[in-house]
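Here the structure comes first, spelled out in structure tokens, and everything after it is commentary.
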Amino acid sequence: TQLLEQSPQFLSIQEGENLTVYCNSSSVFSSLQWYRQEPGEGPVLLVTVVTGGEVKKLKRLTFQFGDARKDSSLHITAAQPGDTGLYLCAGFNTNAGKSTFGDGTTLTVKP
Amino acid sequence: DTGVSQDPRHKITKRGQNVTFRCDPISEHNRLYWYRQTLGQGPEFLTYFQNEAQLEKSRLLSDRFSAERPKGSFSTLEIQRTEQGDSAMYLCASSSGLYTDTQYFGPGTRLTVL
């Protein structure tokens with residue numbers, strides 16, 4: 001079984017602060033996705049990373065895939081209340097044939 | 001809107017009743033996934049289809065659960081003799097099944113079993 005561990009589980013910060021959340025595994029993934037989910041809604045795709053060491057930016061969000069493709073991080077600069085939500089990572093392994101999801105980081109950004 | 005759709009969005013039922021949920025994937029996607037999610041947890045894999053073939057079922061999927069994708073397009077998930085422990089968000093996702101298997105989710109069906 002491939003496990004993805006996300007940390008921290010909960011994070012509460014003030015508007016304007018920076019933060020980083022992590023997604024770690026002992027398994028190698030072909031690709032990794034990050035999603036944001038709001039209460040009562042389905043997860044919304046933020047990014048897919050494929051290459052070890054890859055860095056992708058989406059406005060104030062920076063995603064990095066580890067060199068060995070076993071871990072990833074999401075850094076948010078100058079967080080805003082609209083960033084509040086559950087951040088999920090999912091790793092896909094072609095041998096397993098399907099994706100594995102972490103339990104997410106619940107982020108609260110206070111005005 | 002050509003995203004993944006799910007119906008109904010909310011379902012309240014009494015224990016012991018049967019319920020059926022529908023998922024319409026993105027039209028060109030050949031993979032369709034069902035997940036269950038409880039509060040504060042990530043999605044738990046239930047089953048997935050490649051076209052009309054059901055390729056894998058989780059051990060979480062008891063014999064009260066059945067899923068179909070008869071023509072390789074929409075899918076249904078049926079729960080028979082519902083129990084209070086079945087209360088959860090049921091999510092459907094689709095993907096093109098290519099190298100990254102990037103999945104796109106529907107809005108989910110929130111099931112409450114009284």
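Note that these values count all heavy atoms, side chains included, but never hydrogens, waters or copies made by symmetry. Throughout, protein chains are lettered first and strands after them, A, B, ... in sequence-line order, and every chain is numbered starting at 1. Note that this is a predicted model, so its numbers are computed, not measured.
With hydrophobic clusters built from ILVMFWY side chains whose heavy atoms lie under 4.5 angstrom apart, A:L46 shares a cluster with A:L11. Tracing side-chain contacts under 4.5 Å through hydrophobic residues (I, L, V, M, F, W, Y), one never reaches A:F63 starting from A:Y22; they form parts of separate clusters. Residue A:L58 is grouped with residue A:W34 when hydrophobic side chains (ILVMFWY) are merged at heavy-atom distances under 4.5 angstrom, including chains of intermediate members. Follow the hydrophobic side-chain contacts under 4.5 Å out from B:I26 and you reach B:Y35 in the same cluster. A continuous path of Ile, Leu, Val, Met, Phe, Trp and Tyr side chains, each step under 4.5 Å between heavy atoms, connects A:L107 with A:L61, placing both in one hydrophobic cluster.
With a 4.5 Å cut-off on non-hydrogen atoms, A:T94 touches chain B through its side chain but not through its backbone. Within the 4.5 angstrom heavy-atom criterion, no atom of A:Q6 approaches chain B. Residue contact with chain B, scored on non-hydrogen atoms closer than 4.5 Å, involves the side chain of A:Q33 exclusively. With a threshold of 4.5 angstrom between heavy atoms, A:F10 does not approach chain B through any atom at all. With a threshold of 4.5 angstrom between heavy atoms, B:Q6 does not approach chain A through any atom at all.
Surrounding CD1 of B:I12 are at most 12 heavy atoms belonging to other residues, nucleotides or ligands under 6.0 Å away. Within 6.0 Å of atom CD in B:E78, more than 12 heavy atoms from other residues, nucleotides or ligands are found, so the atom counts as buried in its surroundings. The environment of NZ in B:K57 is sparse: at most 12 heavy-atom neighbours from other residues, nucleotides or ligands sit within 6.0 Å. Residue B:R15 places its CZ atom among 12 or fewer non-hydrogen atoms of other residues, nucleotides or ligands, all under 6.0 Å distant. Around the CD atom of A:E5, the shell of radius 6.0 Å holds no more than 12 heavy atoms that belong to other residues, nucleotides or ligands.
Among all heavy-atom pairs drawn from A:L88 and B:P43, the shortest one is CD1-CD, 3.9 Å.
Put simply, OG on A:S99 and OH on B:Y33 are 5.5 Å apart, with the number rounded to the nearest 0.5 Å. Atom CD of B:E44 is separated from atom CG of A:D103 by 8.0 Å, given to the nearest 0.5 angstrom. Here the NZ atom belonging to A:K98 is positioned 11.0 Å from the CG atom belonging to B:L55, to the nearest 0.5 angstrom.
For B:F45 and A:F101, the ring centers are positioned 6.0 Å apart or more.
Ranked by heavy-atom pairs shorter than 4.5 Å toward chain B, the options A:C89, A:P43, A:G102 are led by A:P43.
Contact annotation for residues 85-93 of chain B against chain A (heavy-atom separation below 4.5 Å, listed by residue number): B:M89, B:L91. Of all residues spanning residues 102-114 of chain B, those with a heavy atom less than 4.5 Å away from chain A's heavy atoms are B:T102, B:Q103, B:Y104, B:F105, B:G106, B:P107, arranged by number.
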